[in-house]
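A quick write-up on the structure given underneath.
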Amino acid sequence: MSVTLNPGFTEVRTRFAPSPTGYLHVGGARSALFNLLFAKHNNGKFILRIEDTDQARSTEESLKMMIQDMVWLGLNWDEGVDPVTLKDMGAYAPYRQSDRLAIYKKVADELIANGKAYYCFMTDEELEAERARVKAINQNAHVESPYETWTLDQAKAELAKGKTAVVRFRTKHLRKDYLLNDLIRGEVRFPSDMVGDFVLLRSDGMPVYNFCCVVDDYMMKISHVLRAEEHLPNTLRQLMIYEGMNWPTPQFGHISLVLDDDRQKLSKRKGAVACDQFMKDGYLPEALNNFMALLGWSHPEGKEIFSMDEMIKLFTLDRVNASGAVFDRVKFKWMNAQYLRAQDNQTIWNQVKPYLVAAGISLPKEAGDTAWQMKSVETFKPKLEILTDAVALYQSLDDSKFEISEESNEALSWEPTKAVLTTWKNQIEAHATETFTEADFVAIENAVKTGANVKGKNLFMPIRVAVIGKPHGTEVKLLVPLMTKQSLLTRVNKVLSRI
RNA sequence: GUUCCCAUCGUCUAGUGGCCUAGGACACCUCCCUUUCACGGAGGAUACAGGGGUUCAAAUCCCCUUGGGAACGCCA
């Protein structure tokens, strides 16, 4: 049940550290979810840190969208950026890396002072040439900087002349294998020469991911780093920095990637991977969380549908598997339908209504009544998988959108159809009230049956066409009570004029 | 190319040496319910990548092969 902490840590603290460069992606959301589940399962804290050191790509707008998506999903964090004010919230502030520049600078200076890092004055051209050289060797070679051998005084003199430099971490003397005991993958051995001298600080003074990540994780006392597998190779660099600073290392767990149908990393280019898009399409956040959890984790009893509380209660890393998982949209839709239909009708109506309004669907005036609303939800519910489905469903009640579909032609061509529809029309016309009950409809249908002397599909298919313009769909008996006499007459007249 | 990671039905997965003639879910097929389409119910087909070991016993442990993926930036 409880989890071990590395020396130097006193409580479980996890973090999600997105860079605000776009919408929240399901891969990221899943990492956030796992971090939250792990933290909460172990009575720990979940932190949201903003990695905005890439100033060219980070925007405040993205930050807001990202936070909005997290809030929508209910992935609530204990520390980080306040979801409303966007101000720092927590004891380890600031939580935006762009506000922590002085901290990184200080650590870098320390690394430089004790020889663990050095200034490198290579120009872009020189770097390019060096990369070409290394590529030609075609071995496990790395870019080598001629400045690695410079003394600090030499470098400082160069700096004094106004030259700019990056700060590189020195790896030459670290030629040994690094062993990582990954929480999910077990022992991972990184060979000694896997990386060359890597950049800590850019020439403009901005820190690079692997560096600020370590500094922040250390200073924010992050005990467990759960992140996507793509970061596995980064871990070696980070381990080197921890070692260089003599800092206690957290435990790492690398979660598998979320894949596209083609088994490649789910990409923003291949559509609908943004949480925001799922929200707009009418997926429920609970369903997304549930579905994401199942991408790599499994319920101990094999359950497929479970609440966030249940996940927190049962989430353990030993049930997280190491292989990549394809994001199956079809199953996701099924799961969403389960969540959607498990709600009460009033809740569903409240969720559906904005979509109807947005789509400009005009409903009969009875739609203002709760009774009508509940009845409509009840009849359409079996076909609702995502909220946007409601548009097409309710559209069948909008007279201005009434059309006779191509597939109706067959039913309209049947010999007795004209008699059926004429009788239907007369019956509707003769109806005493403006609306119908289920029983009214049954009575009318029976009257048509005897009046036109037709039964079976020859009877009900034409009627359905006269009601919704299609031979298939929702049960007419349930549909008619949602419509008005006027509406039904308009429709049958239109259909009749086609025969 | 180099390094690392991964490998059970089409997909998500259960399985941690005997309970596996491999279980569940989505999708698919059949039937039932239904005067349509759905929903719901009952069945069905479909998988341990291959080859070597270890062991009385292997989907489970080891090795090799093959396949897939990721990373190799002054992106994160």
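Just so we're clear, the structure is a prediction, and the values are computed from it rather than from any experiment. Sequence lines set the chain letters: A, B, ... in the order given, protein chains first and strands last, and positions in each chain run from 1.
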Length of the line joining K383(A):NZ and rU36(B):C1', which is rounded to integer Å: 9 Å

Euclidean distance for P, rC48(B) against rG43(B) (whole angstrom): 25 Å

Whole-angstrom distance between rU16(B) and rC62(B), as gauged at atom P: 16 Å

Ring centre gap for Y283(A) and W334(A) strictly below 6.0 Å: no

Shortest side-chain distance from V188(A), nucleotide among rG24(B), rC5(B), rC39(B): rC5(B)

Whole-Å P distance, rA58(B) and rG1(B): 37 Å

Short side-chain N/O contact from N321(A) to OP1 or OP2 of rA14(B), under 4.0 Å: yes

Minimum-distance nucleotide (side-chain atoms of T53(A) versus rU13(B), rC12(B), rA76(B)): rA76(B)

Partner nucleotide, any strand, of rA59(B) [Watson-Crick/G-U, under 3.5 Å]: none

Atom C1', compared across rA22(B) and rC64(B): separation rounded to whole Å: 26 Å

Touch class at under 4.0 angstrom, heavy-atom based, for V326(A) against every strand present: sugar-phosphate

Proximity to the side chain of N210(A) - top-ranked nucleotide from rC5(B), rA76(B), rA27(B): rA76(B)

Rounded interatomic separation in angstrom, taking CZ from F252(A) and P from rC5(B): 16 Å

Nearest-Å distance once atom C1' is located in both rU8(B) and rC4(B): 24 Å

Polar contact flag, side-chain donor to acceptor under 3.5 angstrom, Q338(A)-E304(A): no

Span that lies between the P atom of rC28(B) and that of rC37(B), in whole angstrom: 15 Å

Sugar-phosphate only, base, or nothing, as touched by S298(A) at under 4.0 Å among non-hydrogen atoms: sugar-phosphate

Presence of salt bridge, R49(A) and D216(A), under 4.0 angstrom: yes

Touch class at under 4.0 angstrom, heavy-atom based, for G196(A) against every strand present: nothing

Any donor-acceptor N/O pair under 3.5 Å between rA25(B) base and K331(A) side chain: yes

Contact state string [nucleotides 67-72 of chain B, B base, S sugar-phosphate only, - no protein heavy atom under 4.0 Å]: --SSS-

Touch class at under 4.0 angstrom, heavy-atom based, for E51(A) against every strand present: sugar-phosphate

Check: F34(A) ring centroid to F315(A) ring centroid under 6.0 Å: yes

Pairwise P distance for rG50(B) and rC32(B), with rounding to whole Å: 39 Å

Closest to side chain of S19(A), choosing from rA76(B), rA38(B), rU13(B): rA76(B)

Note: K176(A)-E243(A) ion pair, threshold 4.0 Å (strictly below): yes

S323(A) side-chain proximity, nearest of rC74(B), rA38(B), rA7(B): rA7(B)

Under 3.5 Å on both distances, the Watson-Crick or G-U partner of rU36(B): none

Side-chain-base donor-acceptor pair under 3.5 Å for K333(A) and rC26(B): no

Whole-Å P distance, rU55(B) and rG73(B): 46 Å

Residue that, paired with Y209(A), satisfies side-chain hydrogen bond (donor to acceptor under 3.5 Å, both in side chains) out of H231(A), E51(A), Q97(A): H231(A)

First of T474(A) and P300(A) reached from the 5' end of RNA chain B, by closest nucleotide: P300(A)

Ring-ring centroid check F441(A) F436(A), cutoff 6.0 Å: no

Sugar-phosphate only, base, or nothing, as touched by M292(A) at under 4.0 Å among non-hydrogen atoms: nothing

RNA chain B: 5'-proximal contact among K455(A) and A325(A) (nearest heavy atom): A325(A)

Residues in contact with RNA chain B, drawn from residues 456-464 of chain A - heavy-atom cutoff 4.0 Å: G456(A), F460(A), M461(A), R464(A)

Side-chain donor or acceptor of T388(A) paired with backbone N/O of D281(A) under 3.5 Å: yes

Distance below 4.0 Å between R319(A) side-chain N/O and rG15(B) OP1 or OP2: yes

E385(A) CD to rC26(B) C1', straight-line distance once rounded to whole Å: 11 Å

Sugar-phosphate, base or nothing in reach of R57(A), heavy atoms under 4.0 Å: base

Output field: ring centroids F332(A)/F278(A) closer than 6.0 Å: yes

Identity of whatever pairs with rA49(B) - Watson-Crick or G-U, under 3.5 angstrom: rU65(B)

Polar contact flag, side-chain donor to acceptor under 3.5 angstrom, T235(A)-R227(A): yes

Minimum-distance nucleotide (side-chain atoms of A322(A) versus rC6(B), rU11(B), rC74(B)): rC6(B)

Pair Y339(A)-N290(A), side-chain hydrogen bond (donor to acceptor under 3.5 Å, both in side chains): steps then yes or no: CA-CA 10 Å; Y339(A) 272 89; N290(A) 192 151; 2.5 Å; yes

G-U wobble or Watson-Crick pairing nucleotide for rG1(B) (cut-off 3.5 Å, both distances): rC72(B)

rC31(B) pairs with, by Watson-Crick or G-U criteria that keep both distances under 3.5 Å: rG41(B)

Aromatic ring proximity Y242(A)/Y218(A), centre distance under 6.0 Å: no

Sugar-phosphate, base or nothing in reach of R227(A), heavy atoms under 4.0 Å: nothing

Verdict with reasoning, V454(A) to V448(A), per side chain to side chain contact (heavy atoms under 4.5 Å, CB included): CA-CA 8 Å; V454(A) 177; V448(A) 175; over 6 Å; no

